[in-house]
Number of protein chains: 2
Amino acid sequence: MVKMSDVAEKANVSKATVSRVLRNPETVKKTTRDKVLAIIEQLNYQPNILARHFRRSETNTILVVIPNILNTVFSHILGGIEHEAGKHGYRVLLANTNRQVEKEYEFLDHLKQRQVDGMILLSARMDKSVLYDVMKQYPVVLTADYLEGIPIPTVTIDNVSSGRTATEHLIKLGHSRIAHITGPLHLLVSQDRLKGYRQALLQNDLDVDNILIQEGDFTHESGYNQMTKLLALEHPPTAVFSANDEMATGIIKAAKDHGLSVPEDLAVVGFDNVKLSAIYDPGITTIAQPMFEMGNKAMEILLHQINGDDSCKKQYVLQNELVIRESCGAKRKNNS
Amino acid sequence: MVKMSDVAEKANVSKATVSRVLRNPETVKKTTRDKVLAIIEQLNYQPNILARHFRRSETNTILVVIPNILNTVFSHILGGIEHEAGKHGYRVLLANTNRQVEKEYEFLDHLKQRQVDGMILLSARMDKSVLYDVMKQYPVVLTADYLEGIPIPTVTIDNVSSGRTATEHLIKLGHSRIAHITGPLHLLVSQDRLKGYRQALLQNDLDVDNILIQEGDFTHESGYNQMTKLLALEHPPTAVFSANDEMATGIIKAAKDHGLSVPEDLAVVGFDNVKLSAIYDPGITTIAQPMFEMGNKAMEILLHQINGDDSCKKQYVLQNELVIRESCGAKRKNNS
DNA sequence: TTATAAAATGTAATCGGTTACATTTAGTAT
DNA sequence: ATACTAAATGTAACCGATTACATTTTATAA
């Protein structure tokens, strides 16, 4: 393997000059620079990146902690991170936690051992004080998830207002008995969507009937099961706001199996705007999270931190959007 | 940052001994080992992994080249890789090509610069001779995709027989006019599924009508469009074999929009068994690829190669399975 | 107890770029 | 032409763990 000293020797310059040609070309006179570059070309010299990483103690690699790669919301965000990282010559290391907190702690070691230059969390279940200590010392950004009470840089949407928007949309369509199937309620995201749902009802002088609020776990199956429960009620809802799209498909399935049709007998609004919501029949009205942009922004902020600019350590709230499809009935042809 | 020499000094031993305690504990006497471990604990010493990587020129990291993270088939495989890698203390670097060949070439440099110990390709568009040269020198495994004519270690399913199975299933259900919407035909995977479709028809004395074979690109939209074309035929098909599940949803949508119901008027079989096929209404009968296992196996083989065992450099064919749901009509209650 | 082999530990070179600092060369003004 | 500054290049220390080889300690046998 040809090394820097080989190039230096052949070019009649010192290793230092070769190094400069590669890292600070502008500090080397054009003639020598060209000479060195020619030799590099000729010998097909590839710098040993490991040596560089070691010496500079930086890796040009960042770590993304993902609770579940199979969830397309996360893979979209990952796509955004990847895109932005690639533009700046950074690599992305993947860390799948499968929702286990211990894994999160484990991956922290990568940061502490300087194996990566920074970390983007797509889930923060670890102890707040631990996370706080980490973020004081290392570049960290949180996205998709968020935490209260600690000033960690975060990129999200406003889930409360999104939940309100979704619910208000159903109210405007004339519904007054609106159910909500939530995500896992230990997640702030789920709590906030629920909060938005409540606000919308109250602001429109509608009762909040707790029986209409059921906790799901973001899976199709939980949507199906909880909806089945709701349909067995004496006064079943005429509309449902689902905390994500996959559960919405379960809800629709349950309604159909119960002999109801969507949106005629039951209006449904989902959340996330993953491809599934566009593909499903009926198309699912949903709140679009700018997933790719979230990833992009998170990476952008992380890069700033890595480069020593801490002015970006803030909370960023991106815009969400209501995407109207068939499942809510707004597009129904023979409808007022 | 406390380093190995600090530990050595405090423990009254040499750096070498500390190093051995960490890497070859059995070569150190129990008493000294315990003493050193205690100091390590006490000083909270974390070895500098970058120095180790540099010195040993190995990284415990592998690279996964993915054409598209958003495709759940790939993320399932990635999940399998991640799982197996984690078990052996390896990290997974992600490389998203977005189907650009240039990107594949670019990521090869990671291997050549020894930034990773090996590479798993989920797509091989690059020049065969280049790939061949690479695989002779470095640990490489191909999965999800495959190539003819070069002996690169590969993990796949038999797409020809899978295509045949899917088609035969429709034939057994009494269909004789069966269409096939293929994947992009520059992919061997798509060609093979088509081959299987042809074989099934021929072996059952049915004509292969080329008008019933339409090329899609694995998206819902292409399924929809191609099916719409097929339905406009004078003799439209009564069944369709789709080269993946997402296109199957487009096919079903097109049929519905055309006033047909699935499976009564049109039977559909998909491919992949991604969650979508289970969630969709109707549930899609499909060929299950053991995606997670493919990833697992690919990683396993790669690890063997990394450890210098080249006996595993073979082609591995995993079992696929027909998963019967509603879309093919086999489960139809009032059916013969 | 002494000789000898085996086990444990130490010494010091090494991996290959990077960079602070020293030195040389080129450029500019007087 | 001289003095002085800026640009270009060289020298050598350095990052921190690993490991071949040398040396010391311990165990075993005679």
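Below, chains carry the letters A, B, ... as their sequence lines are ordered, and counting in each starts from 1.
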For this session: Have a look at B/Val28 and say if it touches a base, only the backbone sugar-phosphate, or nothing, with a 4.0 Å heavy-atom cut-off.
Result: sugar-phosphate
Exercise. Which is true for B/Arg23 with a 4.0 Å heavy-atom rule: it touches a base, it touches only sugar-phosphate, or it touches nothing?
Worked result: sugar-phosphate
For this session: Specify the separation, in whole Å, of atom CZ of A/Arg114 and atom C1' of D/dC15.
Result: 13 Å
For this session: Could you tell me the separation between the NZ atom of B/Lys15 and the C1' atom of D/dT19, rounded to a whole number of Å?
Result: 11 Å
Seminar exercise, completed: Computed from five pairs at either end and rounded to 10 degrees, the angle between the axes of the helix from C/dT1-D/dA30 to C/dT30-D/dA1 is 30°
Exercise. Does anything in residues 54-63 of chain A reach DNA chain D, meaning a heavy atom under 4.0 Å, and if so which residues?
Worked result: A/Phe54, A/Arg55
For this session: State, yes or no, whether a side-chain contact exists between B/Gln100 and B/Glu106 at a heavy-atom distance under 4.5 Å.
Result: no
Problem set entry | Side-chain (B/Asn307) to main-chain (B/Asp309) donor-acceptor, under 3.5 angstrom | no
Exercise. So, B/Glu84 side chain and B/Gly295 main chain: donor-acceptor pair closer than 3.5 Å or not?
Worked result: no
Using only side-chain N and O atoms of [X], determine if any of them is under 4.0 Å from OP1 or OP2 of [N].
{"X": "B/Ser19", "N": "D/dA17", "value": "no"}
{"X": "B/Lys3", "N": "D/dG16", "value": "yes"}
{"X": "B/Tyr45", "N": "D/dA17", "value": "yes"}

Problem set entry | Working for salt bridge (Lys or Arg N to Asp or Glu O under 4.0 Å), residues A/Lys10 and A/Asp6 | CA-CA 6 Å; A/Lys10 189 139 190 174; A/Asp6 299 330; over 6 Å; no
Exercise. Counting only heavy atoms not in B/Lys136, do more than 12 sit closer than 6.0 Å to its NZ atom?
Worked result: yes
Seminar exercise, completed: The first and last nucleotides of DNA chain C lying within contact of chain A, meaning any atom under 4.0 Å from one of its heavy atoms, run from C/dG16 to C/dT19
Exercise. Mapping A/Lys29 and A/Arg20 onto DNA chain C by nearest heavy atom, which one lands closer to the 5' end?
Worked result: A/Arg20
